[in-house]
Amino acid sequence: MTGRTITGRAAGEASVKGRRELAALNDALTLAERGLGRQTTAALMARLLRVAAMFPRSVDDTLMWQVTDLVTGDDVSDTVKLTLIRMGWASIVQAQYRAHGLRMAAAPKCRQAAAA
């Protein structure tokens with residue numbers, strides 16, 4: 001039996017890119033919920049899956065497959081699909097908050113300048 005070693009970023013905090021993608025997904029979901037977004041629910045779900053891949057310890061794969069099946073199917077309305085995607089986004093944010101607390105998605109240089 002072989003195991004893999006968790007190194008660097010996987011063991012520590014999420015990358016700045018991951019946090020930015022999470023924030024951008026929030027913006028896209030907010031626009032879609034207000035009826036202003038131009039992205040389909042399938043495109044938003046694809047973005048959620050990409051963000052979930054950046055935070056593998058925050059999301060259970062089986063949950064994401066179930067949400068994906070609901071979002072891509074015709075069984076529920078678009079507002080329910082948006083709610084399911086928002087719930088997936090919120091679960092990632094909550095897991096990251098538990099692991100790392102609140103952090104800005106800004107680059108490290110911006111944080112250093114703000115601290116000075």
Side-chain angles (χ1 to χ4, degrees):
M1 185 167 162
T2 61
R4 71 179 172 159
T5 304
I6 299 172
T7 60
R9 192 172 52 205
E13 72 174 86
S15 70
V16 172
K17 181 180 178 184
R19 292 192 313 260
R20 285 183 181 157
E21 286 289 328
L22 198 56
L25 178 59
N26 178 47
D27 294 341
L29 282 169
T30 300
L31 288 174
E33 289 166 347
R34 294 178 181 170
L36 303 173
R38 296 182 182 183
Q39 293 185 346
T40 64
T41 54
L44 290 170
M45 187 64 214
R47 287 183 76 175
L48 177 62
L49 289 173
R50 189 174 64 232
V51 169
M54 294 178 184
F55 301 98
R57 293 179 179 235
S58 300
V59 181
D60 182 15
D61 289 337
T62 56
L63 172 68
M64 293 308 288
W65 284 114
Q66 290 172 351
V67 171
T68 303
D69 287 343
L70 285 171
V71 169
T72 57
D74 294 330
D75 299 334
V76 295
S77 68
D78 281 346
T79 55
V80 173
K81 291 176 183 181
L82 284 173
T83 302
L84 290 168
I85 296 168
R86 174 64 77 184
M87 289 170 57
W89 173 86
S91 68
I92 295 171
V93 170
Q94 185 177 27
Q96 288 301 302
Y97 174 73
R98 283 188 198 140
H100 306 290
L102 291 176
R103 299 203 180 205
M104 295 296 293
K109 290 181 183 179
C110 294
R111 282 185 277 173
Q112 289 173 354

From CD1 (Ile85) to CG (Leu48), nearest 0.5 Å: 7.0 Å

Minimal non-hydrogen separation, Lys81 against Val76, with atom names: CE-O, 3.4 Å

Spatial distance of atom CZ (Arg50) from atom CG (Leu22) [nearest 0.5 Å]: 11.5 Å

Atom of Arg86, atom of Asn26 and distance for their closest heavy-atom approach: NH1-OD1, 2.5 Å

Distance (rounded to the nearest 0.5 Å) between Leu82 CG and Arg34 CZ: 13.0 Å

Leu49-Trp65 co-clustered via ILVMFWY side chain contacts under 4.5 Å: no

4.5 Å side-chain heavy-atom contact, Met87 and Thr83: yes

Nearest heavy atoms of Met54 and Gly18, plus distance in Å: SD-CA, 3.5 Å

Nearest non-hydrogen partners of Arg19 and Phe55, listed with the distance: N-CZ, 4.0 Å

Connected via hydrophobic side-chain network under 4.5 Å: Val80 and Leu70: yes

Minimum-distance pair of heavy atoms, taken over all atoms of Ala32 and Leu44: CB-CD1, 3.8 Å

CD1 on Ile92 to CD on Glu21, rounded to 0.5 Å: 11.5 Å

